[in-house]
Amino acid sequence: VMTVLMLWMFQVKAQIPTDIVEKARNATVLVASDQGEGGGFGSGVIISPTGLVLTNYHVIHRADLLRVFLYDPKDNNYYGAEVIGIDPIADLALLQLKLDEDMLPITYLRIEYENYVIAEEVVAIGHPMGIQWTISLGHIANIERTGRVTPYVTTLQHSAEIHKGNSGGPLINKKGDIVGINTYLLMPNQEWS
């Protein structure tokens, strides 16, 4: 009976189409920040055809200069960005890319505000440990976690693998819509952003 059940589970497992994942990858950016004597990096996602980027506040906090890299295996150029909005409590920041007019409209993702459920398949995209444009598959484990980042913000818990560098990157559903922004990783005895 267990063997039959396991086979059935594999047959009904949903799969996010490759073209959806590739579009989301193309809308995911690497955000590098110069902060005085050091620097850091994280992820972000383009949310409008004019180049608005959503990322985590902690990715850009205290940055003197921002460099944003678009997905392009043949071109390692970066673009400047201006911080146009922050919400430190929700750990979110909004950037405006400085793009040439001929680059517009740019690939972007839509934000899904309400239509997600527990066990829904999701993909996290970002730059874990400096490994650029990495895709990981998981599912939504809980939709109402509170108190980890702040008691004022409800967070989604998911099982897609993430590490340092995924912060600010999108969590997408099977339609390619953003259901969340990856913010932190819980590990035994530590918490990583």
Side-chain angles (χ1 to χ4, degrees), residues 20-113 122-136 149-150 153 155-156 158 160 162-173 176-185 192-193:
I20 296 290
V21 174
E22 287 177 347
K23 179 184 178 193
R25 177 205 57 201
N26 294 346
T28 301
V29 298
L30 172 69
V31 180
S33 61
D34 291 341
Q35 303 167 348
E37 295 180 9
F41 71 92
S43 304
V45 60
I46 301 169
I47 60 168
S48 81
T50 59
L52 285 177
V53 173
L54 187 61
T55 187
N56 286 140
Y57 173 68
H58 76 261
V59 169
I60 58 94
H61 180 60
R62 297 189 180 134
D64 298 322
L65 178 66
L66 292 173
R67 294 184 179 103
V68 178
F69 295 82
L70 305 178
Y71 179 77
D72 187 348
K74 298 175 185 171
D75 183 359
N76 201 24
N77 288 335
Y78 61 85
Y79 301 89
E82 177 185 357
V83 178
I84 61 171
I86 60 170
D87 185 344
I89 293 174
D91 193 21
L92 293 173
L94 191 61
L95 314 177
Q96 176 62 62
L97 286 175
K98 298 176 182 174
L99 299 171
D100 294 334
E101 201 64 37
D102 63 345
M103 294 181 68
L104 302 176
I106 194 164
T107 300
Y108 71 98
L109 300 183
R110 195 177 77 79
I111 297 173
E112 173 58 68
Y113 292 100
V122 290
V123 167
I125 307 174
H127 313 289
M129 301 177 293
I131 305 170
Q132 299 174 356
W133 285 278
T134 296
I135 311 294
S136 61
V149 175
T150 171
V153 177
T155 58
L156 292 176
H158 66 84
I162 60 172
H163 297 279
K164 260 190 169 174
N166 274 104
S167 290
L171 184 71
I172 65 161
N173 62 16
D177 295 335
I178 302 166
V179 295
I181 298 295
N182 295 307
T183 302
Y184 64 93
L185 168 68
W192 286 0
S193 294

When you compare the side chain of T134 with that of P128, does any pair of heavy atoms fall below 4.5 Å? yes
Approximate separation, where rounding is to 0.5 Å, of T183 OG1 and N56 CG: 4.0 Å
First locate atom CG of N77, then atom NZ of K74, and finally report the distance between them rounded to the nearest 0.5 Å. 14.0 Å
Take I86 and L92, measure what side chain to side chain contact (heavy atoms under 4.5 Å, CB included) needs, and give me the verdict at the end. CA-CA 6 Å; I86 60 170; L92 293 173; over 6 Å; no
Does OH belonging to Y79 count more than 12 external heavy atoms closer than 6.0 Å? yes
Reported CG-to-CG distance for the pair D75 and L70, which is rounded to 0.5 angstrom: 8.5 Å
Please name all residues satisfying side-chain hydrogen bond (donor to acceptor under 3.5 Å, both in side chains) with D100, sequence neighbours left out, ordered by chain then number. none
Residue set satisfying side chain to side chain contact (heavy atoms under 4.5 Å, CB included) with K23, at least two apart, ordered chain then number -> T107, L109
What pairs with R110 under salt bridge (charged side-chain N to carboxylate O under 4.0 Å, His left out), at least two apart in sequence or on another chain? E112, D177
Going through the distances and angles, do V83 and L94 end up as a side chain to side chain contact (heavy atoms under 4.5 Å, CB included)? CA-CA 6 Å; V83 178; L94 191 61; over 6 Å; no
CD1 (I60) and NE2 (H58) are apart, to the nearest 0.5 Å, by 10.5 Å
I need the full list of ring pair (Phe, Tyr, Trp, His ring centres under 6.0 Å) pairs touching residues 80-99, with sequence neighbours left out, sorted by first then second residue. none
Any residue meeting salt bridge (charged side-chain N to carboxylate O under 4.0 Å, His left out) with R67, in chain and number order, not counting sequence neighbours: D34
List in chain and number order the residues that pass ring pair (Phe, Tyr, Trp, His ring centres under 6.0 Å) with Y71, two or more places apart in sequence or in another chain; answer none if no residue qualifies. W133
Contacts of F41 that satisfy side chain to side chain contact (heavy atoms under 4.5 Å, CB included) - sequence neighbours left out: L30, H127
My understanding is that only residues two or more places apart in sequence, or in another chain, count here; which of them pass side chain to side chain contact (heavy atoms under 4.5 Å, CB included) with E101? L104
Nearest heavy-atom pair of S167 and V59: which atoms, and what distance? O-CG2, 3.7 Å
Is I84 close to L95 at the side-chain level, that is, under 4.5 Å between some pair of heavy atoms? no
Can I get a per-line list of side-chain donor-acceptor pairs under 3.5 Å for residues 44-55, giving both atom names and the distance, sequence neighbours left out?
unit_1 : atom_1 : unit_2 : atom_2 : d
S48    : OG     : T50    : N      : 3.3
S48    : OG     : T50    : OG1    : 2.9
S48    : OG     : G51    : N      : 3.4
S48    : OG     : L52    : N      : 3.1
T55    : OG1    : S43    : O      : 2.6

Quick one: side chain to side chain contact (heavy atoms under 4.5 Å, CB included) partners of V123, sequence neighbours excluded? I16, V21, I125, I135, L137, I172
Over all heavy atoms of both residues, which pair between N76 and F69 is shortest? Give the atoms and the distance, please. O-CE2, 3.4 Å
From CA spacing to verdict: side chain to side chain contact (heavy atoms under 4.5 Å, CB included), L66, S33: CA-CA 5 Å; L66 292 173; S33 61; 3.8 Å; yes
Heavy-atom closest pair, residues I178 and I181: CG2-CD1, 4.1 Å
Partners passing side-chain hydrogen bond (donor to acceptor under 3.5 Å, both in side chains) against D102 (at least two apart in sequence or in another chain): none
For Y108, give me all partners under side-chain hydrogen bond (donor to acceptor under 3.5 Å, both in side chains), at least two apart in sequence or on another chain. none
To the closest 0.5 Å, what do you measure between CG (L97) and CD1 (I106)? 6.0 Å
How long is the straight-line distance from NZ of K98 back to CD of E82, given to the nearest 0.5 Å? 6.0 Å
